[in-house]
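When reading the values below, keep in mind they use all heavy atoms of this one structure, side chains included, and skip hydrogens, waters and symmetry mates.
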Amino acid sequence: MNSTIRNTGLLYLGQPGQNLLAMAEEKAASILDTSVSSLASHPDYMYVGLDDGEKTLGVDKAATIIQKASVCSAVADTKVIVIDNIEKMTVDAQNKLLKTLEESDVTIIGLAYEDKLLPTVKSRMIVSRIPSSKIIPADVQNIFNLVADVLNGGAPEGILKVLNMVAEKGNDSFFMSHREYVGSFIDFVGTIVITKQLSVNKDYANLLDVIYSHRERCSSPNYTKDDFFILIVNIVEQI
């Protein structure tokens, strides 16, 4: 196993009815360099969720996750564990999982449909709030899609389309009217960069620092379209 691979906890926080599992499987397949259809039989992949009749994920499920994380990967550089309905883990189970989130080289992808995780668990994961596609305006969705394409190896010209799309609105009106999506967008970018870092074994620590900085500042009224441009430029320069 490659010792340069670092632990990453990803948390997709969505809404009931969203297919977060499909998103997680795509990420897992990308990290493990395999197909979604092959995940179930991949030795370095594990899915953990509620069994029939279960209402919570208890310490037994946490122990299963810890055991999987403690062994060396079989064929990939890392392992991926998807925890569906992670918000239904008991307090004891969540606490039991903390050390694995901190120290293991496994990539854990948690899927939550309610924001109920312990703060200590959330603080050890990259949180991506996934807005429903039904409520994202088409122009905002286009920005998401274009940036995703660039980060996943698409033509850099796609970023220019993003900048033009925002710039042509003028006077920050577009940016300000869509401020509610800025945090989700930055979370979205961070998740893709983390996944890319694992899949290509390249250190994007500096870019992630920039992304986290923007995430902390984006809710401030002082955060403007120009700040957003700076984030995009950093992506172009470092990816």
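Here CG of Leu117 is found 7.5 Å from CG of Asp115. Values are rounded to the nearest 0.5 Å. Taking CD1 of Ile126 as the reference point, atom CG of Leu208 lies at 7.0 Å (rounded to 0.5 Å). The SG atom of Cys72 sits 8.0 Å away from atom CG of Asp105, with the distance rounded to the nearest 0.5 Å. Rounding to the nearest 0.5 Å gives a distance of 11.5 Å between OG of Ser38 and CD of Glu25.
Contact check for Val106 versus Lys68: no side-chain heavy atoms found under the 4.5 Å cut-off. Contact of the Met23 side chain with the Leu111 side chain is not registered, since no non-hydrogen atoms from C-beta on lie closer than 4.5 Å. Here the side chains of Lys55 and Leu50 are not in contact, with every heavy-atom distance at 4.5 Å or above. Using a 4.5 Å heavy-atom cutoff, the side chains of Leu10 and Met125 are not in contact. No side-chain heavy atom of Ile109 sits less than 4.5 Å from a side-chain heavy atom of Ile81. At least one side-chain heavy atom of Asp44 sits less than 4.5 Å from a side-chain heavy atom of Ser73. Within the 4.5 Å cutoff, the side chain of Tyr113 has no heavy atoms near those of the Leu13 side chain. Counting heavy atoms from C-beta outward, Met46 and Val82 have side chains that stay 4.5 Å or more apart.
Defined by atom type and a distance below 3.5 Å, a donor-acceptor pair is present between the side-chain atoms of Tyr47 and Asp84. For the 3.5 Å distance criterion, the side chains of Ser123 and Thr120 fail to qualify, holding no donor opposite an acceptor.
Taking hydrophobic clusters as Ile, Leu, Val, Met, Phe, Trp and Tyr residues chained together by side-chain heavy-atom distances below 4.5 Å, Val121 does not share a cluster with Val59.
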Ile83 vs Leu97, side chain to side chain contact (heavy atoms under 4.5 Å, CB included): CA-CA, chis, key distance, verdict
CA-CA 11 Å; Ile83 309 175; Leu97 200 59; 3.9 Å; yes

Can you list the steps and then say if Met89 with Thr56 is a side chain to side chain contact (heavy atoms under 4.5 Å, CB included)?
CA-CA 6 Å; Met89 293 192 86; Thr56 60; over 6 Å; no

Trace of the side chain to side chain contact (heavy atoms under 4.5 Å, CB included) decision for Ile86 with Leu11
CA-CA 9 Å; Ile86 191 174; Leu11 176 63; 3.8 Å; yes

Might you work through the side chain to side chain contact (heavy atoms under 4.5 Å, CB included) test for Leu98 and Arg124, ending with a clear yes or no?
CA-CA 8 Å; Leu98 285 177; Arg124 289 162 173 79; 3.8 Å; yes

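At a threshold of 4.0 Å, the pair Glu54-Lys61 counts as salt-bridged, since one of the basic side-chain nitrogens sits closer than that to a carboxylate oxygen.
Summarising the local packing, NZ of Lys96 is surrounded by 12 or fewer heavy atoms from other residues, nucleotides or ligands at distances under 6.0 Å. For Asp209, the CG atom sits in a packed shell: over 12 heavy atoms of surrounding residues, nucleotides or ligands are nearer than 6.0 Å.
Of all heavy-atom pairs between Ala93 and Ala62, the closest is O-CB, 3.7 Å. Taking all atoms of both residues into account, the shortest heavy-atom contact from Val80 to Ala28 is CG1-CB, 3.7 Å. Between Asn85 and Leu57, the shortest heavy-atom distance links the atoms O-CD1, 3.6 Å. Taking all atoms of both residues into account, the shortest heavy-atom contact from Tyr45 to Leu39 is CD2-O, 3.3 Å. When all heavy atoms of Ala112 and Glu87 are compared, the pair lying nearest together is CA-OE1, 3.1 Å. Between Ala76 and His42 the shortest heavy-atom distance is CB-CE1, 4.4 Å.
Using a distance-only test at 3.5 Å, with no hydrogens or angles considered, no donor-acceptor pair links the side chain of Thr34 to the main chain of Ser30. Remark: the backbone N or O of Leu118 is paired with a side-chain donor or acceptor of Gln94 at under 3.5 angstrom.
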